[in-house]
Amino acid sequence: SFAFVFVMVLLNYTGLGANYTVTTTNDTGPGSLRAVVTTANGVVGPHTISFGNSGNFDGGGTIKCISPLPQITQSVTIVGWRNTGSTNNAITVRGSPLVFEAGTTNSLQQLNIGGNVINGQSISISGCVITNGGIQSTAVLQIISSSVILSPYAGIWSSGNATLNGVTVSQCMGGGIHSEGAMAIADSLILNNTSPAGGGGIYSANSLQITRCRIDGNTATMGSGGG
């Protein structure tokens, strides 16, 4: 028993982290995303949060948050999934921003997210579809094979270093991309975004590298940079 206790203490204090599974689409209660995030916040990470594929999640599922989720204070990887043979994400989280505290390193994979993603340190976003919200990052941002659609703000706002590969930013109301740090964009689509100021497609105040991208149908009602 002493050895078991020692191993548990080592797990909590050496950053080995833990694996947590969300088992219900309920907003609150045991097995909910809210409960899992609360538990993970209390243990030293990095952690992995995944979603079940039976019961409430048989074939996929949607978590509708009534109120904002807790801010995520430990490094986590949140992993959704896809049904066999499908290119669509099976798990949707909406109604709350996902807020990651400064000092954490995080990853989002194969999720539909209805709301903002706010990054305070380092985040990788892969295979995600973000609607009715944008990505806001003040540090290191990597986005791969993901979409940001119908944000009421800038689709992607970044003041740190950012790399985008295979990304679609479309129909966002605060411009497609607003970058104040170094940014590299490759094999991406920036389409049909609007801005009340300049930079309907892309606004950049720092170094910007664009490779094999389509930037089209964007408008800026004031200033320049429709694209």
Side-chain angles (χ1 to χ4, degrees), residues 4-57 60-81 89-144 146 148 156-160 162:
F4 175 76
V5 172
F6 177 75
V7 169
M8 290 303 294
V9 171
L10 191 64
L11 174 67
N12 288 345
Y13 288 98
T14 61
L16 296 179
N19 297 321
Y20 299 98
T21 302
V22 179
T23 58
T24 177
T25 57
N26 292 341
D27 179 48
T28 60
S32 67
L33 178 59
R34 187 178 304 277
V36 165
V37 168
T38 300
T39 300
N41 280 344
V43 182
V44 176
H47 304 306
T48 297
I49 297 174
S50 58
F51 299 82
N53 57 8
S54 61
N56 286 346
F57 287 113
T62 298
I63 298 171
K64 302 174 184 178
C65 299
I66 307 289
S67 60
L69 292 166
Q71 180 170 315
I72 297 169
T73 61
Q74 298 292 329
S75 297
V76 297
T77 295
I78 305 178
V79 185
W81 51 273
N89 299 330
I91 304 298
T92 298
V93 179
R94 68 187 189 198
S96 171
L98 295 177
V99 182
F100 299 91
E101 188 176 77
T104 60
T105 300
N106 304 285
S107 175
L108 296 171
Q109 302 173 17
Q110 293 188 355
L111 287 168
N112 298 325
I113 301 168
N116 293 323
V117 175
I118 302 173
N119 170 42
Q121 184 63 35
S122 176
I123 193 166
S124 172
I125 299 172
S126 177
C128 291
V129 178
I130 299 168
T131 56
N132 299 312
I135 299 169
Q136 301 165 24
S137 176
T138 58
V140 179
L141 173 65
Q142 180 184 50
I143 311 175
I144 303 169
S146 297
V148 182
I156 299 169
W157 187 98
S158 174
S159 62

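This structure is a prediction, so every number in the text was calculated from the model and none was measured.
With Ile78 as the fixed residue, the side-chain contact (heavy atoms from CB on, under 4.5 Å) test singles out one of Ile72, Val22, Val37: Ile72. The only option from Thr92, Leu98, Val148 that meets the side-chain contact (heavy atoms from CB on, under 4.5 Å) definition with Ile113 turns out to be Leu98.
Asn116 places no side-chain N or O within donor-acceptor distance of the main-chain N or O of Gly133, the cut-off being under 3.5 Å. Counting only distance, with no hydrogens or angles, the side chain of Gln74 and the backbone of Ala40 share no donor-acceptor pair below 3.5 Å. Listed for the Trp157 side chain is no donor-acceptor partner under 3.5 Å among the backbone atoms of Thr138. In terms of modelled atom types and a separation under 3.5 Å, the side chain of Ser122 and the main chain of Thr105 share no donor-acceptor contact.
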| query | Hey, mind stepping through Phe57 and Ile63 against side chain to side chain contact (heavy atoms under 4.5 Å, CB included) and telling me if it holds? | reply | CA-CA 10 Å; Phe57 287 113; Ile63 298 171; 4.1 Å; yes
| task | Take Leu33 and Tyr20, measure what side chain to side chain contact (heavy atoms under 4.5 Å, CB included) needs, and give me the verdict at the end. | result | CA-CA 10 Å; Leu33 178 59; Tyr20 299 98; over 6 Å; no
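Listed by first and then second residue, the salt bridge (charged side-chain N to carboxylate O under 4.0 Å, His left out) pairs involving residues 24-35 are Asp27-Arg34 (not counting sequence neighbours). Residues in residues 110-135 take part in no ring pair (Phe, Tyr, Trp, His ring centres under 6.0 Å) pair, two or more places apart or across chains.
The nearest pair of heavy atoms linking Ser75 to Thr104 is OG-CA, 3.5 Å. Residues Thr21 and Gly52 approach most closely at CG2-N, 3.8 Å, considering heavy atoms. When every heavy atom of Gly120 is checked against every heavy atom of Ala139, the shortest pair comes out as O-CB, 4.1 Å.
Between the side chains of Asn56 and Thr24, at least one donor-acceptor pair of N or O atoms lies under 3.5 Å.
Between atom CD1 of residue Ile49 and atom NE2 of residue His47 there is a gap of 8.0 Å, rounded to the nearest 0.5 Å. Note: Ile135 CD1 to Ser146 OG = 7.0 Å, rounded to the nearest 0.5 Å. Distance check, rounded to the nearest 0.5 Å: OG of Ser137 to CZ of Phe100 gives 11.0 Å. Put simply, CD1 on Ile123 and CD1 on Ile143 are 9.0 Å apart, with the number rounded to the nearest 0.5 Å. For the atom pair CG (Leu141) and CD1 (Ile156), the distance works out to 6.5 Å, reported to the nearest 0.5 Å. A distance of 6.0 Å separates CD1 in Ile91 from CZ in Phe51, rounded to the nearest 0.5 Å.
Taking the side chain as every heavy atom from C-beta outward, Gln109 and Thr77 approach each other to under 4.5 Å.
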